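Down below is the structure, laid out as structure tokens.
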Amino acid sequence: MVSSRPSSFVHRFEPGSRPERAPVLLLHGTGADENDLLPLGRTVAPGAALLSPRGKVLEGGMPRFFRRLAEGVFDEEDLRRRAAELADFIAEARVAYGLPAPVALGFSNGANIAAALLFLRPEVLAGAALIRGMVPFAEPPEAQLAGRPVLLLSGVADPILPIENARRLAAMLVAAGADVQHDVLPGGHALSQADVTRTAVWMRRFGEG
Ligand code: MLT
């Protein structure tokens, strides 16, 4: 039974056709919106319910999930506040649409707010696929990730995100107890076919079969 549609974020919701699959929370990159990752979600998690909010921060007219001071330099206070808002939206949407905890699938800025959620409000996510994710906080809060599956996909030649930063994020997630798969792919920052294939395989643990 659907109660009132959550209104704290503009979003798209696609009900799933296979209730055994965990719902997927789609978190877009800078300059995209709630429509951007729906095709990726349908491809990597066929039949899963898809919940896709639009980031509320505008940078030169481009939606994002939190403010940054420069490329790769985050406004951490804003990130904390926005991550809390997003966690509350997830909780609201779960009630409204009758969903179990979703798996996040974030690209770039979306991966970074998903990483922030893992450190701040890990209970809202069943796991997370972070495509081009980077360290969200200089001093991350202590998190208890207790075996939560996390996929981190990085590009070895990413001009925005040095590979050393991605390796540091992987190490932080491992230290917090997550079950981390970190794959370093040949490309740069853009989403590639290898990202799609690896994410689809990794997603199978959330209900295919
Ligand atoms: C960010 O600001 O989250 C990262 O620099 C990635 C980006 O959005 O370009």
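One-based numbering, in listed order, for ligands and for the atoms of each. Computed from a predicted model, the values in this text were never measured in an experiment.
Residue contacts with ligand 1 for Asn112 involve side-chain atoms from C-beta outward but no N, CA, C or O (heavy atoms, distance under 4.0 Å).
Within the structure, ligand 1 has Ser108 among the residues with a heavy atom less than 4.0 angstrom away. Using a non-hydrogen distance threshold of 4.0 Å, Phe65 does not register as a contact of ligand 1.
Close approach to Arg64 involves these atoms of ligand 1, each under 4.0 Å from a residue heavy atom: 1 (C), 2 (O), 3 (O), 8 (O). In the vicinity of Thr30, heavy-atom distances shorter than 4.0 Å reach the ligand 1 atoms 7 (C), 8 (O).
Residues meeting the ring pair (Phe, Tyr, Trp, His ring centres under 6.0 Å) test with Phe119, sequence neighbours left out: none. Partners of His182 under the ring pair (Phe, Tyr, Trp, His ring centres under 6.0 Å) rule, at least two apart in sequence or in another chain, do not exist in this structure.
Ion pairing of Glu85 with Arg82 is present here, as a side-chain N (NZ or NE/NH1/NH2) and a carboxylate O approach within less than 4.0 Å.
A continuous path of hydrophobic side-chain contacts links Val135 to Ile113 [ILVMFWY only; heavy atoms under 4.5 Å].
Phe89 and Phe9 have tilted rings, their planes meeting at an angle from 30° to 60° on a 0 to 90° scale.
The protein heavy atom nearest to atom 5 (O) of ligand 1 is Arg68 NH1, 3.2 Å.
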